[in-house]
Structures are given as structure tokens and as C-alpha cells.
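Step one of this worksheet: look at the structure below.
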Number of protein chains: 2
Amino acid sequence: MPVGSATGPAASPPMRRKPGRPPRVDATRDTREALLRAGLGVLTEKGFVASGLDELLRRVGVPKGSFYYYFDSKEAFGAALIERYAAYFARKLDRHFLDEALSPLARLQAFVDDACTGMARHAFRRGCLVGNLGQEIAALPEAYRESLRAVLADWEGRLAGCLEAAKEAGELAASADCARLAAYFWTGWEGAVLRAKLEGGERALRLFAEGFIATLPRR
Amino acid sequence: MPVGSATGPAASPPMRRKPGRPPRVDATRDTREALLRAGLGVLTEKGFVASGLDELLRRVGVPKGSFYYYFDSKEAFGAALIERYAAYFARKLDRHFLDEALSPLARLQAFVDDACTGMARHAFRRGCLVGNLGQEIAALPEAYRESLRAVLADWEGRLAGCLEAAKEAGELAASADCARLAAYFWTGWEGAVLRAKLEGGERALRLFAEGFIATLPRR
DNA sequence: CGGAATATTAGACCGATCGTCTACAAAATC
DNA sequence: GATTTTGTAGACGATCGGTCTAATATTCCG
């Protein structure tokens, strides 16, 4: 998956000073950044199709013209969101799965706890961007399909690494197929997130995570 | 969940003869029926929001006036679809889970095989209506939430029954919590269906089903 | 057999909202 | 201070869900 260029400058490190309109009265607010942030909120809640540009724009307080200055189309905007979400999530996974302070399986549990807290923070209205867009893939730009698959594959790799560590730590049977287990986890996890959203509670998240961890091959 | 009245007459058993326009040249085609059938196809593929009435109407070859004669609104139409899908799926589950010719766990496997075949028949474009609508629940009529939860609860009950039978048949440990296992299954299964749709293949379905069945507590 | 009643079709129409695009204003640059 | 770059502003056409009136087909009832 092509990466990097579309996300654009992060505005912090050495880069050409912005020439156009001032950095707005509110210095912390880069328009493009604000659009992406708000877009993530709206799309993780309602998906792509149901998210109207007008509402997003009103929310951010930006006119339509600006949106189409920063993004070629809603499709391009969605692609940027997928990329950004993937990066955000990869950081989160690394933070947990590579945490040497915890045993490998405890790291997975920590991720689950984190996810529960995260969903609770938004009253279980927001789900997973990948799950949301994946569900409506038939109504989406075909290019999204491969991106979403790639994101899932990436998560699988990171979890598989954690499971390998569990193997070395003796928490997991040496015969375990970590890649397969990781694929199994994320598949079910997406279902759990969907259900947690539907039920408005963390029950499904806990239920799935506990079932998964409890049935891991121990020896 | 209220049931029955909204679905309307099925046109087969004793009921007042239709007075209006003839049963159309094509006798097999009741307009309302055709709308529901096509609606199921469209909504399982693209979800609720992305499915426009106009496209559906064009597809069925029915004018808007007819649609609003049979249904009060798009919301009512969706509710009828949920009801109908639930009934359709309940029949399917019973057909498998109550099949005395197979051992209980073999019945579950048969359902999985059936689902794979079913998804393949539509080239993995159509998913589960409950999953689709559940995912976009934030953008849907609030009344749908309870309906969808109820459908899931119903499926859980039916699967739990099958698992209880497995227990009696000695295929499952007596200590197994069937209700919990059933909830776990459907949670993950929805994720698997989503992913199968995303990947355009049955891999996720097989992966999840095999993982689930293989880790069932045997004794 | 004929007119009233009912069931259904037909599609024009409306306000809202979709995504796009053109025109313009403000800073920076030379 | 003219030009270029950067960003803002909102008009625009298409389409959406939903409503409504009119036309038509059939049955009902006398």
C-alpha cells in the first residue's frame, strides 16, 4: 500500500512557513488537521456513506471550499482517514504489544482494556473505522478494499508478533499457529466492536476477548 | 419485539381476494413481495443508508407510488426487512440445528457450510443484514437497535439449544456455558461475515468457524 | 350491467442534502 | 506593488427520501 505522501506535513518539524491565510486566530488549529480529526469521529460513528460533508464542515466551522482545497474528493478524504487511522492504531498496538513490562498475554489483555475504555469514552457510539468501512465496502470506492485488507493484515502481523513472544515466554504452546490465531482474533474482534456499538456496552468486547484468551493453546 | 402484524398477508392461505389491479400478468409477482425480496438483496449488500429507494424501485420496476402504498416510509420498509430476514434466518437455523440426522456439532458445521455456499452464491457481495445495519446503527432509526439486538438474542437461543444437545451427546463438556458460547459465536461470526465480504472469499468464515469448534470445551 | 367503492399504479413535485466547482480575498514573495 | 500562492466563500446541479394528486383496474352491490 502506498504510504506517506497523501497524509501531508504534520506541521511541526522544519517545513516551509505557511504563506496563505494566517494560522488562524487559534494557533493550534490547522484546518486540514481539524477536518481529519473530526472526520475520524464522524466516520467511526456513522460510516462513510451516512457521513455528510455539510455536517462535518459545520462541526469544524470550515466552508466547503476549504475542504476541497485540502482534499480532491470525499473519496480522497476517506483514503486519508484510513491511512491516519491505520497509523494511529499501529502506534496503539505497538505501545501495548511491545510493552516489556508486561507478559505477552497480559499485553493483549491491556490492549483489550484500553479498547474498552476508549469505546466507553465515546459512549460506545464510535466503532472501528476499518469495520465500518469494511461493512459498507460494496458501496465504497473499490480502492478502499485493498487498503482495508492491508490494514487488517498489518494488525495481524503485530498481534502475531506478540503471540510469538507469548510462545517464547511459555504462555503459549510451541505448536500454536500465531498468524492464524491473530487472524482469528481480529476477525472476531471486529464483530465484537460492532456488537458493543449495537448494545451500547462493553459486554461483547469482554466476552470475545475472554473467550479468545481462555481458549488459547497453553501447551 | 412486536411481531406478525406488519409483515402482512403472505397471499397464500385464506384471505380476502385482492380487489385492485390484477395479480399482474406475472402471477408469481406480488409487488410488495418483490420489493421485500429485492430490498433484502440491496440492503444486505450496501446497508440501509447507501441503498436508495429510486434504485430499488428501478430494479423491481415499480413506481414510487406503489412503494409508499405498501410501506409508510423507508424506515418502515427497513423494519419489515429486519423482521423478514429474522424469520428467514430462524428457519435456516432450525433446519440445521434441529436436524436429528446429524450430531449436534455436525449440525453447526452444516450451518457454516451452508453459509459459505450462500455467500459464494452472491460472490461474497452480500453479507448479513443484522451486521450491516448494526454497523451503521448510529445513523439509523433508534427503533432498529432493539430489533437487531432481539434478532441476535434469538439466534443465540437457537445455537445454545444446539450446544445443549451437544452436551447431552457427549460432544461438549458438561460444564460448558452454552449461552455464553453461543453469544461468543455470533459475535465473532458477524466479524467473519464482514471480513469475508471485504476479502471476497470464504476464508474468514472457515477460519472463525474452525477456530470456534476446535476450541470448544470437550470434557 | 352499471355505477360506487376500493386497491393500486403513475410520476410530478418539494425541501434537504449530496459532492463539485468557480470566483474571490488575504499573505507571502519578488 | 504586482504577482503568485494559499485559503475561503458559497453558488450550483444532481439526487435523495418523502408526499401528494390524478388516473386506472377491479370488485362489490344493486
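Order of the sequence lines fixes the chain letters, A, B, ..., with proteins taken first and strands second; residue numbering starts at 1 for each chain.
Between B:S66 and C:dT9 there is a side-chain N or O to OP1 or OP2 distance below 4.0 Å. The phosphate of C:dT9 (OP1 or OP2) has a side-chain N or O of B:Y70 nearer than 4.0 angstrom. Contact between the side-chain N/O atoms of B:S73 and the OP1/OP2 oxygens of D:dG18 is not found at any separation under 4.0 Å. The side chain of B:Y68 contributes an N or O atom lying less than 4.0 Å from OP1 or OP2 of D:dG18. In terms of phosphate contacts, A:T31 brings a side-chain nitrogen or oxygen within less than 4.0 Å of OP1 or OP2 of D:dT8.
In this structure, the side chains of A:L148 and A:I137 come closer than 4.5 Å at one or more pairs of heavy atoms.
Distance from the side chain of B:L53 is smallest to D:dG17 among D:dG17, D:dT8, C:dA10.
B:E142 has a carboxylate O that lies under 4.0 Å from a charged side-chain N of B:R145, or vice versa, which qualifies the two as a salt bridge.
To the nearest angstrom, C1' of D:dG17 lies 15 Å from CZ of B:F71. Atom CG of A:L56 and atom C1' of C:dT17 are 14 Å apart (whole Å). One can place CZ of B:R32 at 12 Å from P of C:dT9, the figure rounded to the nearest angstrom. When the P atom of C:dA16 is taken as reference, atom CD of A:E55 falls 17 Å away, rounded to whole Å. In this structure, A:E33 atom CD and D:dG7 atom C1' are separated by 16 Å, rounded to whole Å. If you measure from atom CZ of A:R58 to atom P of C:dA16, you get 12 Å, rounded to the nearest angstrom. The nearest whole Å value for the distance from the CG atom in B:L35 to the P atom in C:dT8 is 13 Å. When rounded to the nearest whole Å, the span between CZ of A:F67 and C1' of C:dT17 equals 15 Å.
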- Under the side chain to side chain donor-acceptor pair (under 3.5 Å) criterion, do A:N132 and A:E136 qualify, and how do the steps go? CA-CA 7 Å; A:N132 279 10; A:E136 43 178 356; over 6 Å; no

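Centroid-to-centroid, the aromatic rings of B:W155 and B:F111 stay 6.0 Å apart or farther.
Atom CG of B:D72 sits in a sparse spot, with 12 or fewer heavy atoms from other residues, nucleotides or ligands closer than 6.0 Å.
The residue among A:G65 and A:D54 whose nearest nucleotide of DNA chain C lies closer to the 5′ end is A:D54.
Using a 4.0 Å heavy-atom cutoff across all strands shown, A:G52 reaches sugar-phosphate atoms only and no base atom.
Residue side chain B:K74 does not reach the base of D:dG18 through any donor-acceptor N/O pair under 3.5 Å, judged by distance alone.
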